[in-house]
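As the structure is a computational prediction, the values presented were derived from the model and not from experiment.
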Amino acid sequence: MDTHQKIIDGMESFKQKMGGKLQLPPPTLVELGARFIDYVPGVSLTVEVPFQARFTNPVGSYQGGMFGAALDEAFGPHAERTAQAPCLTGEMT
C-alpha cells in the first residue's frame, strides 16, 4: 500500500472521533489533486500538489487562496496524526 492510501486509511480513527461524519478522502484533497508522498510520524508529512492552470489568478500566478488550501491539506492531517486529536489551522503567516 502506498503512503497516500496509508494516510487516508489512518484518517478512519479521526472519522470515528467525529461520529463518522467525515468524507474520506476529503473533497478538497481530491479537487487539488493532492497526494501524500512521504510521512515520518511526528516529524513531517510531504504532500504533492500538481500545478493546475485553472487555479491561477488573472496574471497567471497560482491563486493565494488555493496555495493556502494546499498548505492546509498538509498541516491538518499532520497535526491530527501528531496530536491524535482534531486540529485545525488557526492562522497561516
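- With sequence neighbours left out, the side chain to side chain donor-acceptor pair (under 3.5 Å) criterion links Gln5 to Asp9.
- Partners of Lys6 by side chain to side chain contact (heavy atoms under 4.5 Å, CB included), not counting sequence neighbours, listed by chain and number: Met1.
- With sequence neighbours excluded, the residues satisfying salt bridge (charged side-chain N to carboxylate O under 4.0 Å, His left out) with Arg35 are Asp2.
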Determine all donor-acceptor pairs shorter than 3.5 Å in which one atom belongs to a side chain in residues 21-28; sequence neighbours excluded.
| from | atom 1 | to | atom 2 | distance (Å) |
| --- | --- | --- | --- | --- |
| Thr28 | OG1 | Glu73 | OE2 | 2.2 |

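- Between Ala34 and His4, the closest heavy-atom pair is O-CE1, 3.6 Å.
- For the atom pair Lys15 NZ and Ile8 CD1, the distance stands at 11.0 Å (nearest 0.5 Å).
- Taking hydrophobic clusters as Ile, Leu, Val, Met, Phe, Trp and Tyr residues chained together by side-chain heavy-atom distances below 4.5 Å, Phe75 does not share a cluster with Ile37.
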Check: residues 38-52 side-chain donor-acceptor pairs under 3.5 Å, at least two apart:
| from | atom 1 | to | atom 2 | distance (Å) |
| --- | --- | --- | --- | --- |
| Gln52 | OE1 | Arg54 | NE | 2.8 |
| Gln52 | OE1 | Arg54 | NH2 | 3.2 |
| Gln52 | NE2 | Leu32 | O | 2.9 |

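- Legend: side-chain hydrogen bond (donor to acceptor under 3.5 Å, both in side chains) pairs involving residues 58-68, not counting sequence neighbours: none detected.
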